[in-house]
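So the structure is just underneath, and the comments pick up after that.
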Amino acid sequence: MKKVMIKKVGSYDVEKIKDAILGSMEDLGGIDRFIKKDMLIALKPNLVLKRSPEQAATTHPSIVQAIGEIIKEHGAKAILIESPGGPFSRSRMKNNYDTTGMTEACEKAGIELNYDLETTSIRNDDALFMKNVTIVKAFEKVDAIINLPKLKTHGQMVYTGAVKNMFGIVPGIIKAEHHFRTPSYDDFANSIIDIFISKKPVLNILDAIEAMEGNGPTAGDVKKLDALIISEDAFYLDYFACEIICLSHDDVPILRQAVKRGYLSTDLDVEEAASIEEFKCHNFKIPSRDNPKVIDFSDHTPSGKFIKLLKPKPVFDHKKCILCGECVSSCPSEVLSIKKEKIHIELDDCIRCYCCQELCPERAVKIKRGIVIDSVLKIEKIFKGGAK
Ligand code: SF4
Ligand code: SF4
C-alpha cells in the first residue's frame, strides 16, 4: 500500500521537524528501513539558484539540518549533493551553499558538502527517452538518496515537487540538453520521469511549510502551508501535494504521464483522507494552468505558427535586467543574446522551457500568456460575468 504522511509543522524549528520526520518514518515501517549504521546517504535538496531561505525558492536549511542530525544519531553519514542549472563549478556551488543556508546547516549537523564535479553516465532500460543519463558522479558513491524537494509552482511543469527535484542529479548545463531534446512538455515530463526512475530515492521529504505560489519556481510569492509531506513514493507524494494546493494531477505533465506509464493510480478516495482536508489551500496561485492543455492541443494542430501564438512566452523586464548573461548562457535553444545593452530573443526558435525565468537572479523574466489563450480566457471571463 502506498503511504503518504502529511504532518503539520508550523515553523522551521529543527526539533519540530525532526519529530515529524521520525514519526513519519515510524509510520512507514521504522527508521531502519531507510537509515542503517555506517551507510553514506546523499541528501538532495532543491537549490535551484542562490536565494535566501526566506524567499522559499529553495529547500529550507532547517529540514537539511533535521534529517542530517537524524542520520548522524543513527550512526550513518550524510553528504549533500546538488547541481543547479547553469555551469556546474566549485565557486557557484560555494555561493549557492552559503546563500541558501546549507553551509551553516551542514556544519551544525555534520553533513559533508559535495564539491566533486565529476560526472558519469548511467543506463536505465526502463526509460522511455533517456536510457543513458549523465549524472553527478557523487550520487553513484552513496548507499541511498533522501530527496528533499520544495513545493513550488513551475512555469513549464506547472508544479515542482519530489519527482522533478531529481532532475537536479543531472549536472548543470547538461540539463539544457534535455530541454532541447524533448521540447514538448509531455515529452520533457517523460524525460524527467526517466531520470527519476534511474536513481530512485529511498525517501522523499517535501518542504511545504512555506511553499512558493505564482511565478515559480524562483520568482513567485511565499505561501505558508504548514506541511511536511513524507513518502517512499514520490509520485504519490506529488499527487497529494497537488491535492493540497487544489491542482488537478491532470494539469501537471509529470503526473499525467506517470498515470499513463503506470507509476501512479488516481483510483484513490482523496476525500476520505481527513488529513488532507485540514491542509487544503483553495487560493494557491497556479501560474500556467493553460500550459498543459496548450501542449496537448499542439500535438494535433498542423500549424506551428499558430501553436507559437498559444504558448506563453518569456518577456524581459529591461529595467530589472542587469545584463549578467545567466539566461544567455543557460538557454538550450541559444536564442538569447545581448544587443544594444538589452536582452534580445529570437522568439521563433524559443522552445518555451523557461530556464531563463528559472535562473534569472533579478526576477527580470516573466512568462506571458500567448495572445490567443489570453483572448480566450478574457472572453470566458466575460461570459462567466467575472470580467473586471
Ligand atoms: S534577464 Fe536576468 S538572467 Fe538574463 S541577463 Fe538579465 S538579469 Fe541576467
Ligand atoms: S529563451 Fe528562455 S524559454 Fe526560450 S528556449 Fe531560451 S531559456 Fe527556454
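Note that ligands are numbered from 1 as they come in the structure, with each ligand's atoms numbered from 1 the same way. From a predicted model like this one, the values you see are computed outputs, not experimental measurements.
For the residue pair E82 / N114, no side-chain donor-acceptor distance below 3.5 Å is found, with atom types taken as modelled. Side-chain atoms of D98 and T103 include a donor-acceptor pair closer than 3.5 Å. Using a 3.5 Å distance cut-off with no hydrogens or angles, the side chains of K164 and N46 do not pair a donor with an acceptor.
Using a 4.5 Å heavy-atom threshold, the side chains of K366 and P314 count as separate.
Under the side chain to side chain donor-acceptor pair (under 3.5 Å) rule, N165 has a single partner from N147, N204, T59, T160, which is N147. Each of D19, D207, D226, D27 was evaluated against K7; a single residue qualifies, D27, per the salt bridge (Lys or Arg N to Asp or Glu O under 4.0 Å) test.
For ligand 1, the atoms lying closer than 4.0 Å to a non-hydrogen atom of P361 are 3 (S). The distance from ligand 1 to the heavy atoms of C321 drops below 4.0 Å at these ligand atoms: 1 (S), 5 (S), 6 (Fe), 7 (S). Atoms of ligand 1 found under 4.0 Å from any heavy atom of F316 (numbered from 1 in listed order, with element): 1 (S). Against a heavy-atom cut-off of under 4.0 Å, E326 is close to the following atoms of ligand 1: 3 (S). Each of the atoms 5 (S) of ligand 1 lies under 4.0 Å from some heavy atom of I343.
Relative to the ring axis of F279, K8 places its NZ or CZ within 45° and under 6.0 Å from the centre.
The nearest heavy-atom contact from the protein to atom 8 (Fe) of ligand 1 is C324 SG, 2.3 Å. Residue, atom and distance of the protein heavy atom nearest to atom 2 (Fe) of ligand 1 are C360 SG, 2.4 Å.
Residue contacts with ligand 1, taken as heavy atom pairs separated by less than 4.0 Å, involve I322 via backbone and side-chain atoms alike.
The distance from atom OG1 of T58 to atom CE of M212, rounded to the nearest 0.5 Å, is 8.5 Å.
With waters left out, the protein N, O or S atoms under 2.8 Å from atom 6 (Fe) of ligand 2 add up to 1.
No continuous path of ILVMFWY side-chain contacts below 4.5 Å connects V14 to I111, so the two sit in separate hydrophobic clusters.
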Start with the C-alpha gap between D233 and K200, add the side-chain angles, then the distance that decides, and say whether side-chain contact (heavy atoms from CB on, under 4.5 Å) holds.
CA-CA 9 Å; D233 192 299; K200 264 191 187 166; over 6 Å; no

